[in-house]
Protein chains: 2
Amino acid sequence: MESQLNPHISVDCVVFGFSPNGIKVLLVKRELDKLNESPTPSYDLKLPGSLVYNDELLDDAASRVLKELTGIENVFLERFEVLDSLDRMKNQKDKEWLESTTGLTIDRVISVAYFGLVNLADSELNGLSERSKWVTLESAIQLPFDHSKIIQRARELLLHSAGTEPIAFDLLPEKFTIFQLQQVLEVFNGSGIDSRNFRKKLKTLDFIVPLAEKQINVAHKPAQLYKFDRKRFMQFRKQKNASFI
Amino acid sequence: MESQLNPHISVDCVVFGFSPNGIKVLLVKRELDKLNESPTPSYDLKLPGSLVYNDELLDDAASRVLKELTGIENVFLERFEVLDSLDRMKNQKDKEWLESTTGLTIDRVISVAYFGLVNLADSELNGLSERSKWVTLESAIQLPFDHSKIIQRARELLLHSAGTEPIAFDLLPEKFTIFQLQQVLEVFNGSGIDSRNFRKKLKTLDFIVPLAEKQINVAHKPAQLYKFDRKRFMQFRKQKNASFI
DNA sequence: CCAAAAGTGTTTGGCCTACACCCATGT
DNA sequence: ACATGGGTGTAGGCCAAACACTTTTGG
């Protein structure tokens with residue numbers, strides 16, 4: 001097993017950006033110059049995704065590809081789907097593009113799709129590469145391969161999993177207050193969580209870990225800071241009716 | 001794209017067999033003679049699984065492989081996991097076996113795992129092939145590749161979805177008694193449902209429909225018969241915490 | 001009459017919900 | 001002082017769990 005690209009296995013990342021204006025999705029530019037040899041540079045947009053190395057785990061490949069293509073790192077990506085249709089490359093242009101960029105002969109590619117969520121207000125997103133772009137969900141309906149379908153499925157997942165998947169924590173800073181967590185969950189819910197009951201509930205959840213630290217320089221009583229323990233959450237979610245809302 | 005085996009992509013099927021005594025899992029014998037050239041035939045057991053053809057959908061591959069290796073067909077198989085660790089072939093014997101049976105050079109294989117459920121009492125299962133075998137979950141703990149781990153994950157899925165997916169009704173006849181339903185759910189649970197509470201709960205569920213019919217020729221008080229209304233169930237499951245256990 | 005499963009009510013404890021006020025800090 | 005979010009307790013309702021006996025049939 002050598003460190004070379006496997007021509008049959010790829011990953012694709014759907015990264016949603018959360019902002020008060022709405023939800024956007026992160027795409028990357030795909031250069032089409034080499035194919036049609038036109039004098040003017042041309043491109044279209046696709047999901048950040050690529051083939052996987054033979055000695056690479058899928059999770060690692062997803063993080064690597066996202067970093068390489070968009071500059072974004074430290075996004076928690078969750079595997080959610082396997083794409084295996086036989087007509088994924090039905091557009092000859094897509095196949096040629098993939099062969100020209102990888103230097104490999106491509107017949108069939110099975111793709112494992114990942115899903116992530118970031119806060120567009122985060123300053124860390126300033127490392128965004130030139131070739132990547134946030135677009136609205138409405139404008140991501142005619143993408144290469146089956147990428148529009150993947151985005152559609154990820155969007156359904158987003159709507160149905162606010163209380164059972166750890167997506168809320170992807171929108172929060174490392175250290176957050178209970179109030180911040182509540183605000184994010186209220187956006188998913190459509191608003192209306194009682195703060196006293198919410199705090200009581202959180203005290204029983206071992207994956208919300210209090211830190212020996214409080215807010216500073218805030219114009220109110222400084223709040224206790226907490227962190228999210230993902231491992232403990234993964235245990236928690238295995239229980240029968242595991243919802244933290 | 002020709003009809004040949006893809007050396008990087010496989011499917012594995014975890015088929016659980018339900019019986020009043022407990023749950024069993026379907027394994028197939030793997031001949032090891034060719035490897036060690038011993039005079040006495042020897043084999044061990046593994047999950048029914050195999051490489052996928054390049055022009056074959058994963059779902060189709062899973063059904064085909066299950067049919068070919070065990071003789072069982074018409075089982076609803078659900079995709080539930082992707083296995084991608086780098087040490088899936090850490091046992092050299094497994095790699096050699098796969099290479100000798102496929103005639104291919106194997107480096108890395110990613111496997112897509114499927115899950116299915118059948119009633120061991122069903123007469124249709126008589127087509128079971130000689131080389132396949134139902135074993136208890138306890139005796140399936142030291143299997144080749146990562147098959148024990150796959151079974152473990154499928155078992156968790158089974159437990160998690162017993163009360164939220166309609167899988168219990170796939171094991172019951174068209175007309176069933178509450179006691180029969182309870183027995184099925186008790187096997188999923190690992191046993192222990194209070195019949196009085198269970199009957200109370202069921203009376204509130206409109207998808208368990210009483211028929212104008214009772215048991216006949218039973219050596220006890222004849223029980224009311226019920227049928228399962230799938231459409232009403234689909235409505236029911238859309239609710240937030242929809243579980244009928 | 002015996003075996004086997006059918007069927008039926010009440011009590012208890014835990015959990016979720018609703019609800020209102022004082023606290024610490026920066027401006 | 002005042003604005004802002006931080007942080008706390010209690011009472012009521014609902015639901016799930018624990019618990020035992022009588023009924024109906026076939027053998």
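Numbers restart at 1 for each chain; the letters A, B, ... are given by sequence-line order, proteins then strands.
When rounded to the nearest whole Å, the span between CD of Gln182(B) and P of dG7(C) equals 12 Å. With rounding to whole Å, Ile193(A) atom CD1 is found 16 Å from dC19(C) atom P. If you take CG of Leu205(B) and P of dC15(D), they are 13 Å apart, rounded to a whole angstrom. Per the geometry, CZ belonging to Phe179(B) stands 16 Å off P belonging to dT8(C), to the nearest Å. For the pair Phe176(B) CZ and dA6(C) P, the interatomic distance rounds to 13 Å; values are reported in whole Å. In this structure, CD of Gln180(B) is placed 12 Å from P of dG7(C), rounded to the nearest angstrom. Between the CZ atom of Arg196(A) and the P atom of dA11(D) there is a distance of 13 Å, rounded to whole Å. Atom C1' of nucleotide dG7(D) and atom NE2 of His220(A) are separated by 12 Å, given to the nearest angstrom.
Within the 4.0 angstrom heavy-atom criterion, only backbone atoms of the sugar-phosphate kind lie near Lys203(A); the bases stay farther away. Residue contacts for Gln215(B): at a heavy-atom cut-off of 4.0 Å it reaches no nucleic acid atom on any strand shown.
Within the 4.5 Å cutoff, the side chain of Asp206(B) has no heavy atoms near those of the Asp229(B) side chain.
Classification of Lys227(B) and Glu174(B) as a salt-bridged pair fails, no side-chain N sitting under 4.0 Å from a carboxylate O. Looking at Asp84(B) and Arg79(A), a side-chain N of the basic residue comes within less than 4.0 Å of a carboxylate O on the acidic one, giving a salt bridge.
In the set dT25(D), dC19(C), dT25(C), dT25(C) carries the atom at the smallest distance from any side-chain atom of Pro222(A). With dA18(C), dG6(D), dG26(D) as the candidates, the nucleotide lying closest to the side chain of Asn197(A) is dA18(C). Comparing dA24(C), dT17(C), dT8(C) against the side chain of Arg199(B) picks out dT8(C) as the nearest.
Distances shorter than 4.0 Å separate none of the side-chain N or O atoms of Lys221(A) from OP1 or OP2 on dT4(D). Regarding contacts with the backbone of dA16(D), a side-chain N or O of Lys201(B) is found under 4.0 angstrom from either OP1 or OP2.
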Inset, instruction - Using the side chain to side chain donor-acceptor pair (under 3.5 Å) rule, take Ser132(B) and Thr70(B) through it: C-alpha gap first, then chi angles, then the decisive distance, then the call. - result: CA-CA 5 Å; Ser132(B) 53; Thr70(B) 72; 5.2 Å; no
Legend entry - Residues Arg230(B), Glu165(B); criterion salt bridge (Lys or Arg N to Asp or Glu O under 4.0 Å); working and verdict: CA-CA 11 Å; Arg230(B) 210 167 215 104; Glu165(B) 303 287 325; over 6 Å; no
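Side-chain to base pairing of Lys200(B) with dT10(C): one donor and one acceptor N or O lie within less than 3.5 Å of each other.
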